[in-house]
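See below for the structure under consideration.
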Amino acid sequence: MSAIYNFCAGPAMLPQAVMQKAQQELIDWNGLGVSVMEISHRSKEFIALTQHAEKTLRALMEIPENYHVLFMHGGGRGQFTNVVNNFLGDNGKALYLVNGQWSTAAVKEAVKLVGDDNIDQMNIVENCDGVNQVVLPDLNAIDKDYRYVHFCANETVDGIEIFESLESPWPVVVDLSSTIMSRQIDVSKYGLIYAGAQKNIGPSGLSIVIVRDDMLKLPSLPQSSIMDYSVAQANDSMFNTPPTFAWYLAAEVFDWLTAQGGVTEIEKINKQKADLLYQCIDSNPFYKNGVKAENRSRMNVTFQLTDNSLDSEFLKQAEQAGLVALKGHRIVGGMRASIYNAMPLSGVQALVNFMETFAKQHSA
Ligand SMILES: *Cc1c(COP(=O)(O)O)cnc(C)c1O
């Protein structure tokens, strides 16, 4: 079988080297004669794995000492709930910035839990002559007391990414699910960072939370112990049985990324990949993208065929060429190429070649 390039938005492709290593180790991990899935999470071997995972992640993201790293259940959406329950006790209020589908879903969950009165929302995407752009508000000009401000740095469905860091008088909580470790970010600017694993980290189910020490002192709402950040922190993310296999694979992905030269190096490749694809879209009237250059996602490249009656033919032929999962999200339509860390430059090159050939064949 010739190479398949998988552009799925999530669960997304994982580095091939990681998959091969996992395959080799599947039934005999670390010379134990059993799988990593079949051992106690409290065994010394597994604890060594978790310590290594945390150390590697800390180095990759340059996480300061006063931040805790938690490995939790519940993916990205699990944190929509946890952030509210952990920080909005005693009638606390929060501000949610909205720039696409995921930040909208986060607000919805927050409102469901604490009501409209405690959640303010602000749309930060403006459409200017058919082009969407993010306009960050001046938060320091707002005379209100929030426990935190929440935003989504990369809107996976809409293909809108915010590269600037947000200046805020309140702690910033950010959903990095689809952009974590794809570029350098200054962790010290955030009160809490979270990410579901299935885009740039590992298998679904796991989520990574990076939380500043003082945030754990905020009053919480009554909540399940397994979703409590303080409980997770006090128990080394092992209050109950964690998703051990996902944790193991995440550790392997961190090692792989370290071997690639870390976040600095992968960021260069990610830029190259995104530039190549957007250049193809912009230079060919056959394709279009409606996001302003500064806010175009480097991880999820959305695009439309100018003649959308060719959509299904495009998808069919792409699949025949080994380029799979290019269909856009059902809400926005069109196409989406998710090009996370694990997607090699050769995959994007193959896509661009295909797009150019397809356009030639179907131009009058
Ligand atoms: C995928 C995604 C989520 C949801 O993750 P689940 O693990 O499915 O809950 C949340 N936010 C963003 C930005 C995402 O890309």
Side-chain angles (χ1 to χ4, degrees), residues 6-14 70-86 94 96-113 121 123-125 132 134 148-163 166 172-183 185 190 192-210 224 226-227 232 237 242-243 245-247 249-250 253 270 274 291 295-302 325 327-332 336-343:
N6 173 12
F7 295 91
C8 187
M13 68 173 292
L14 290 167
L70 312 175
F71 289 77
M72 300 188 74
H73 299 273
R77 279 184 190 266
Q79 305 313 323
F80 292 177
T81 308
N82 292 356
V83 165
V84 172
N85 284 341
N86 278 273
Y96 279 71
L97 306 183
V98 173
N99 53 312
Q101 299 295 329
W102 285 113
S103 47
T104 302
V107 181
K108 234 173 122 180
E109 193 71 9
V111 169
K112 180 179 157 193
L113 292 165
Q121 50 179 302
N123 178 42
I124 58 166
V125 175
N132 285 318
V134 172
Y148 62 85
V149 53
H150 177 281
F151 83 109
C152 177
N154 182 58
E155 284 285 4
T156 321
V157 173
D158 312 78
I160 296 179
E161 186 156 3
I162 300 172
F163 294 96
L166 189 65
V172 181
V173 171
V174 67
D175 179 355
L176 284 190
S177 294
S178 51
T179 188
I180 190 164
M181 300 187 300
S182 72
R183 56 180 163 96
I185 64 140
Y190 300 93
L192 182 138
I193 291 169
Y194 66 86
Q198 68 273 27
K199 281 104 189 198
N200 253 344
I201 295 169
S204 58
L206 179 73
S207 59
I208 304 264
V209 174
I210 301 164
S224 159
I226 65 162
M227 302 308 240
S237 304
F245 191 70
W247 203 334
L249 267 182
V253 171
N270 286 335
V291 184
N295 299 124
R296 284 174 166 182
S297 171
R298 247 181 237 158
M299 294 286 103
N300 310 97
V301 178
T302 52
K327 195 174 169 56
H329 191 279
R330 64 197 138 76
I331 298 174
V332 297
R336 171 175 53 172
S338 294
I339 50 174
Y340 300 114
N341 286 352
M343 175 60 69

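Counting convention: from 1, in listed order, for ligands and their atoms alike. These numbers come from a predicted model, not from an experiment.
Using the six-membered ring where Trp is involved, F151 and Y190 have ring planes that are parallel, under 30° apart on the 30 and 60° scheme.
You'll find the side chain of P243 stays beyond 4.5 Å of the side chain of F71, heavy atoms only.
Here the options are T179, N300, N270, the test is side chain to side chain donor-acceptor pair (under 3.5 Å), and the partner is Y340; only N300 passes.
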Throw together a table of side-chain donor-acceptor distances under 3.5 angstrom for residues 194-206, partners on residues two or more places apart or in other chains.
from: Y194; atom 1: OH; to: H150; atom 2: NE2; distance (Å): 2.7
from: N200; atom 1: OD1; to: N341; atom 2: N; distance (Å): 3.0
from: N200; atom 1: ND2; to: I180; atom 2: O; distance (Å): 3.0

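Contact residues of ligand 1 (protein heavy atom closer than 4.0 angstrom to a ligand atom; sorted by chain and number): G75, G76, R77, F80, W102, C152, N154, T156, D175, S177, S178, Q198, K199.
Between the side chains of N154 and S178, at least one donor N or O sits under 3.5 Å from an acceptor N or O.
Checking side-chain atoms of R183 against main-chain N and O of R298 turns up no donor-acceptor pair under 3.5 Å.
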